[in-house]
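Here's the structure we're looking at; comments come further down.
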There are 2 protein chains.
Amino acid sequence: MTDQTPQVRLERAKGASRAIAALTSDDKARALEAIAVALETNAAPIIDANALDIARGRADGIGESLIDRLRLDERRVAALASAVRQVAALPDPVGRVVGGHRMPNGVSLEQVRVPFGVVGAIYEARPNVTVDIAALALRSGNAVVLRGGSAALESNTVLVRVMREALERAGITPEAVQTVDDFGRDGAKALMHGRGFIDVLVPRGSAGLIETVVTESTVPVIETGAGNVHILLDESAPDDWARDIVVNAKVQRPSVCNAVETVLVHRQAAPRLIPLVASALQSEGVAVHGDDIVAGLVSNVIPATEEDWATEYLSLDVAIKVVDSLDEALDHIRRYSTGHTESIISTDSRNIERFLAEVDSAVVMANASTRFTDGAEFGFGAEVGISTQKLHARGPMGLAELTSTKWLARGSGQTRG
Amino acid sequence: MTDQTPQVRLERAKGASRAIAALTSDDKARALEAIAVALETNAAPIIDANALDIARGRADGIGESLIDRLRLDERRVAALASAVRQVAALPDPVGRVVGGHRMPNGVSLEQVRVPFGVVGAIYEARPNVTVDIAALALRSGNAVVLRGGSAALESNTVLVRVMREALERAGITPEAVQTVDDFGRDGAKALMHGRGFIDVLVPRGSAGLIETVVTESTVPVIETGAGNVHILLDESAPDDWARDIVVNAKVQRPSVCNAVETVLVHRQAAPRLIPLVASALQSEGVAVHGDDIVAGLVSNVIPATEEDWATEYLSLDVAIKVVDSLDEALDHIRRYSTGHTESIISTDSRNIERFLAEVDSAVVMANASTRFTDGAEFGFGAEVGISTQKLHARGPMGLAELTSTKWLARGSGQTRG
């Protein structure tokens, strides 16, 4: 495909998007089943290509956790196929009537869900995202243009080829799935500046990648991701809820965006809760960064600096800070939160309602683990990402968030008076 | 206010947005009533300031149609106050529960409408937009930062001062209404790059202004406006519907975005419909630009060039083109439409349904005038603009489109398994 430009790929996706938008739900489910089968059948070449990426990654000295994210083995390829089948089984949002009425003059107005057209995705070296995003885009009637991390180039090339061949065998235009990986930085640029070709661009990855995409793009972007997540232990927080929720939110999966990063503790509850919560965390291997009060109540506390309050650790680290009041907690959250998820642990309904009303985040919780901010937990069946912006989608995004709407008006000769 | 920077204004709006978001519907209605009264009371200084803008406009040689858009007289100031009262009477979208369910573990999930926070607006020399956008933003619980055209600087300065004083008298922070007009181009730049301060930016005006804002902005933008609107007269189009709808769509108000610009006519219907429709248009003073077939059927046809198909005339001009088939019409629309509104005139239900399904525009009509694409006609009571993009809002935007949502989760100690 080296004789092509990235722009040609965008044009082909745009051309294919009309055919994909016209597919029935059954057609789309069939196409995804064909992709799932093809992934299973082609497990060997996929794993072989992935081995090349891993060898190059090791030669380049990338870390073990990145190597792990990059790796595809038999089990993971099977999981990819299974995820595609799950997406195929989801209700199709396209065609759903979401509004409408009859105008006084008799014109019937109907607002219906329609595909965006072409979804772009820019992400890092996780080959599973290649398949996930393609499946979600196709299920919601969109064509897709993919730009994955260069460290996964060999894997992504084979995955895209396998998906395109599967579409072709299912009688559906393979041009609906495009990659611009082979153009490197120019591929990403073409996506970000693809006005008229890319209807929405979804960046997935580090805060730096997202910032670049948001800043550079002239196409509409849905910002996903970064989570500097807070839990506030209010004066009335019960011991067990405080301990269990903080430990769950930090330890169950520390590398993800809905894991807690800073715990704020009301001064009146500090002597009761901090030793309890900190020791529970430390016994799970968590490094506690804290202010002076925390250090006076617990041993082995790393002194917290301004930087700790702003850091999304994504690791077995947590920052703990004592606050004098709910207002101070709200101020701290306003200053440092990335608007992803915050939770208050409290039995004081007045404080709970103030927290729910005043915290300006995609998901605001009372007495629940921040780990629940997740498309599957929210019942969406699949997750495109977690939007931390306010336009179009906020919080976990399901298939419906990969669609737009259009108005259909049916009249019988009406004109405007 | 000359000692300030545009950034300070953005920060003040952001600060004020918390208080505005917390207002009840009644508070907000009261604030808008105070603004309406203040506009009426201050009609004289508003008109005096406007006279300065008009004098400068004349000295700068701007055209009469721009002068007319710029002008505020007694009647127009009264209309501004009346529009503010209409917005005050609209149902408040904030707090509406739009989704939710109970998770299997008992956590209650609720998706509620919340204000964006700070709405930015960049527009041209129409001082009524200053008041309209401020009223819509406040009604939906948002602070607002305004940047109007420099030709309306004196008018806007007084309008903003009057609105701020009214808020203050109503006991509401005046910082919720900000202008950056006095910083000229730097004010617009601050808005477009106000990440973390401007939650959504709405450009209103010419295609050039919108293009600049979309391309330069790093904050989320809702693209509004340009309408290269088509009507297709299908083979089966009844004489009266074809004539009445095309004349209404072109003549009733030619300067607006939902006015028709190109009429496509099926070849089989051309001898029947083109003389009828073209003469009806010509008798209303419309200049007909047409292809060779049109010129062969009607006198006084201006030969149409490629440029005519792409032009949003916004005047008493129309382009007429003969097409061989529905497919050719769909291709033409795909190529030249700005995705605003298209209408087919036909009694063939198969062609109608294909047209409704395949035309990728915000509003797609059958047998109705394109002039119906309008917030008031759609029953929204007010209109923020007409979105021609697919993200967040598409078609006429009402108050709900100036809000986001957030998820509230209420638990009793739940953790993730």
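Since this is a predicted model, take the numbers as computed values, not measurements. Throughout, a chain's letter reflects where its sequence line sits, starting with A, and its residues are numbered from 1.
- Highest contact tally toward chain B, considering only A:G117, A:A357, A:S404, A:S369, is held by A:S404 [criterion: heavy-atom pairs under 4.5 Å].
- Using a 4.5 Å cut-off between non-hydrogen atoms, the part of residues 333-341 of chain A that approaches chain B consists of A:R334.
- Neither the backbone nor the side chain of A:V247 comes within contact range of chain B; no heavy atoms are under 4.5 Å apart.
- Under the 4.5 Å side-chain criterion, counting only non-hydrogen atoms from C-beta, A:W407 is not in contact with B:T373.
- The heavy-atom pair separating A:A368 from B:V107 by the smallest distance is CB-CG2, 4.3 Å.
- Heavy-atom distances place both the backbone and the side chain of A:V364 under 4.5 Å from chain B.
- Your options are B:Q389, B:M103, B:H392, B:E401, and the one with the most heavy-atom pairs under 4.5 Å with chain A is B:H392.
- A:R253 does not touch chain B: none of its heavy atoms, backbone or side chain, sits under 4.5 Å away.
- Using a 4.5 Å cut-off between heavy atoms, A:D374 touches chain B through its side chain atoms alone.
- Checking side-chain atoms of B:H101 against main-chain N and O of A:F378 turns up a donor-acceptor pair under 3.5 Å.
- Ranked by non-hydrogen atom pairs under 4.5 Å with chain A, the options B:I345, B:V221, B:V214 are led by B:V214.
- Of the residues considered (A:T347, A:V200, A:L109), A:L109 shows the highest number of contacts with chain B, using heavy-atom pairs under 4.5 Å.
- Within the 4.5 angstrom heavy-atom criterion, only side-chain atoms of B:N105, from C-beta onward, approach chain A.
- Only the backbone of A:V359 comes within less than 4.5 Å of a heavy atom in chain B; its side chain stays farther off.
- In this structure, chain B has a heavy atom under 4.5 Å from the side chain of A:E353, while its backbone stays farther away.
- Contact check for A:K390 versus B:T403: no side-chain heavy atoms found under the 4.5 Å cut-off.
- When each of B:M365, B:E216, B:R394, B:E223 is scored by its heavy-atom pairs under 4.5 Å with chain A, the top score falls to B:R394.
- For A:D244, the parts sitting under 4.5 Å from any heavy atom of chain B are the backbone and the side chain alike.
- Residues of residues 410-417 of chain A that come closer than 4.5 Å to chain B, counting heavy atoms only, are A:R410, A:G411, A:S412, A:G413, A:Q414, A:T415, A:R416, A:G417, ordered by residue number.
- Residue contact with chain A, scored on non-hydrogen atoms closer than 4.5 Å, involves the backbone and the side chain of B:R371 alike.
- In terms of heavy-atom pairs under 4.5 angstrom with chain B, the leader among A:T215, A:T218, A:V363, A:L391 is A:L391.
- Only the backbone of B:S361 has a heavy atom closer than 4.5 Å to any heavy atom of chain A.
- In terms of heavy-atom proximity, B:A409 sits nearest to A:L356 at O-CD2, 4.4 Å.
- Only the side chain of B:I222 comes within less than 4.5 Å of a heavy atom of chain A; its backbone N, CA, C and O stay farther away.
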